[in-house]
Visitor: 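Take this structure, written in structure tokens, and hold onto it; I'll ask about it next.
Each chain gets a letter, A, B and so on, in the order its sequence line appears, and its residues count up from 1.
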Number of protein chains: 2
Amino acid sequence: MSEGKSPNRYTLRDVARHAGVSLGTASKALNKSGTLRQETREKVLKAANELGFRPNDLAQALHRGQSFTVGLISNDSFGRFTMPIMEGLETVLHAAGIALFMCNATDDPEREKRHIDQLLGKRVDGLIFTGRRADRRPVPGLALGNLPVLYVFSQSDEPGAACLLPDDEGGARLATAHLLSLGRTRIAHVTGPEDFEAVRLRRRGYEASLSKADPALILHGPWSEAWGREAAARLLAMPTRPDAIFAGNDQIARGIVETLRDNAISVPQDIAVIGFDNWSVMTEASRPQLSSIDMNLKLLGEEAGHRLIRMIRGESQSGTSRLPCTLVPRASTVPTPQPGQ
Amino acid sequence: MSEGKSPNRYTLRDVARHAGVSLGTASKALNKSGTLRQETREKVLKAANELGFRPNDLAQALHRGQSFTVGLISNDSFGRFTMPIMEGLETVLHAAGIALFMCNATDDPEREKRHIDQLLGKRVDGLIFTGRRADRRPVPGLALGNLPVLYVFSQSDEPGAACLLPDDEGGARLATAHLLSLGRTRIAHVTGPEDFEAVRLRRRGYEASLSKADPALILHGPWSEAWGREAAARLLAMPTRPDAIFAGNDQIARGIVETLRDNAISVPQDIAVIGFDNWSVMTEASRPQLSSIDMNLKLLGEEAGHRLIRMIRGESQSGTSRLPCTLVPRASTVPTPQPGQ
DNA sequence: TGCGACTCGGAAAAGCTTTTCCGAATGAGT
DNA sequence: ACTCATTCGGAAAAGCTTTTCCGAGTCGCA
């Protein structure tokens, strides 16, 4: 067996020789084509297994004119949003016999450009762009022609680009409706920077859920716990305090909860707090644990996988779709006994 | 130009036709080989650019017997450790003309196996395994032969495997020495589960830095803020309190700081606290901000890139190397004015 | 013995790129 | 006109796999 070749260096010719059949027969046997006796097929299969033979994908792809490979390009240097998306994608693509490979541009357009270049050279069957914020991004500086391209948790300046996103507005409606269902009547919204589309959409969902939204109860600031702390302090200083706070993300929510705690305000009894993202690092460490809105990124990845497969098979896809978020109630809105609190 | 072919579908034959030269001449022109007039070269180059021609990497790799591609296999489903490593790797590999593609197995051995399979089919020139904990992992269930393999922030059951890791013990020494240099005399160590090798190494570095370590000041528990809170409460309940606490990671450190705050204990004046990982989500949100030990994962990735390139070029590498960590002092050990505190 | 069915061998071609080698064409110099 | 140097064309081969097609061999049946 050990003829100086590594397992992944054996060719089909080696398998044929080892099985005592012709090259064409070996190919037919492994590909379940042609008219061969079952005995012959099994002999070839056995030989292939003994050699640890693995077809050379490069040669296969060259011959087929299709690589069965999809490239994922992310600019999310922390991986927080990309990883669950990737997981969903990989599951669906794998079931269709397609491999998924990721390149991370770390928010560097030059690096991204060369990743695209590399993937095109590998003749990928499709490209997926994703990132750490869903706002429009510049069109890649390379012509992609008819290659199937899908933006996931991301959008493009290119008109008609196929985009898949979480429903930020719907998620905000869920959060606000949850607070309303708990009898809350004065709901504040502490959120991120106005130049994020997600911020605008979440705000819109909040506003649409209230018969009358008080602009004084809407505060914009950076995505940080520190901002959450400060914003909560401001709300507490108001003549009339809110009885609930919908935070634009979990980090802000955590900061809010900390200020409330510092001021001996009971959560959720006095003021209920709900975040967004369902980031477990935040939701679980917070005291009390945070209710949140989950963007279902893994499902988003699965849906993206299904769509890209359809595109690869020739279907046309364009425009923006948004998938629903999920409410995850925890102690910050629903009173439950908390150990150690 | 638009002859029904997408930019990445033009072949060298198309370029040659477009430039009015032969196939061989086109190849020589683009590869700066052969003896051609400069004028001819430029004509071919122009034609290639006009068509948006990109050589078919599949055919190139087949011909060269080398793909100039490296696969990164991670089981870190959050990406927290993997992303900086990947960034360092990508920078170094790119400079050597090598593409890096990542697959994320999400801690599923079956998924990992098929990722390896896919990458071997693509005839990658090397493989890198990384993860979210550095303990030994089972040998992959596939024979890799002579393929260059490197474990980064990860180890293997396979004897002699080439592994690159942060120096946990050295990092712990840095942390403890830092506390000692601040005049602290009673240093506690609150850390993670004993079945993590990193936990044992960090504990060893702590113990080695003290002339006499008190076992009662060493507490093991889960990697969580909640554990940090509880452990701090235990330490406060002791007859003699510590004047410093070295936490096994930043999450634990943050929990410690929260309990100290709840008990009106000033950090670092009364008790100094230092974490490990330098995870900005934790270090920056903590009150006060956490001093920490940075594992220099991006540098680890760069070093990994250099090593793998040497392996690909035929050098032999084996055994485990550890790269030094860096102390990052912040307000939790070094008193500075903190806005809003 | 002849015919038909089954099975396989092996040659050829294709996919794309690189490289070598030999021949042909052109221009310059003697 | 002849020779030499330069430049390029084009054929061929190689890398590995798949697929088709035709021919050969074997076996079973009439």
Visitor: Rounded to the nearest angstrom, tell me the gap between atom CD in A:Gln66 and atom P in C:dC16.
Guide: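 Those two atoms, CD and P, are 14 Å apart.
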
Visitor: Take a 6.0 Å sphere around CZ of A:Arg310 and say whether it holds more than 12 heavy atoms from other residues, nucleotides or ligands.
Guide: yes

Visitor: Where is the tightest heavy-atom contact between B:Ala26 and B:Leu12, given as atom of each residue plus distance?
Guide: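 Scanning both residues, the minimum pair turns out to be CB-CD1, 4.1 Å.
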
Visitor: Write down the protein N/O and nucleotide N/O pairs, taken from nucleotides 17-23 of chain C, whose separation is under 3.5 Å; answer none if there are no such pairs.
Guide:
unit_1: C:dT17; atom_1: OP1; unit_2: B:Asn56; atom_2: N; d: 3.2
unit_1: C:dT17; atom_1: OP2; unit_2: B:Leu12; atom_2: N; d: 2.6
unit_1: C:dT18; atom_1: OP1; unit_2: B:Asn31; atom_2: OD1; d: 3.4
unit_1: C:dT18; atom_1: OP1; unit_2: B:Asn31; atom_2: ND2; d: 3.3
unit_1: C:dT18; atom_1: OP1; unit_2: B:Gln60; atom_2: NE2; d: 2.7
unit_1: C:dT18; atom_1: OP2; unit_2: B:Ser27; atom_2: OG; d: 3.2
unit_1: C:dT18; atom_1: OP2; unit_2: B:Asn31; atom_2: ND2; d: 3.4
unit_1: C:dT18; atom_1: O4'; unit_2: B:His63; atom_2: NE2; d: 3.4

Visitor: Starting at CZ of B:Arg17 and ending at C1' of D:dG10, how long is that distance when rounded to a whole Å?
Guide: 15 Å

Visitor: Decide whether B:Lys122 and A:Thr69 meet the rule of one side-chain donor and one side-chain acceptor closer than 3.5 Å.
Guide: yes

Visitor: May I have the distance from B:Arg41 (atom CZ) to D:dT7 (atom P), rounded to whole angstrom?
Guide: 10 Å

Visitor: Would you find a donor on one side and an acceptor on the other, under 3.5 Å apart, between the side chain of B:Thr91 and the backbone of B:Glu87?
Guide: yes

Visitor: State whether B:Arg54 and A:Asp117 are salt-bridged, where the test is any N-O pair (Lys NZ or Arg NE/NH1/NH2 against Asp/Glu carboxylate O) under 4.0 Å.
Guide: yes

Visitor: How close or far is atom C1' of D:dA14 from atom CG of A:Leu62, stated in whole angstroms?
Guide: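 In whole Å, D:dA14 C1' and A:Leu62 CG are 13 Å from each other.
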
Visitor: Scan the side chains in residues 302-309 of chain A for donor-acceptor partners under 3.5 Å anywhere in the protein, sequence neighbours excluded, and list what turns up.
Guide:
unit_1: A:Glu303; atom_1: OE2; unit_2: A:Arg307; atom_2: NE; d: 2.9
unit_1: A:Arg307; atom_1: NH1; unit_2: A:Ser321; atom_2: OG; d: 2.8
unit_1: A:Arg307; atom_1: NH2; unit_2: A:Ser321; atom_2: OG; d: 3.4

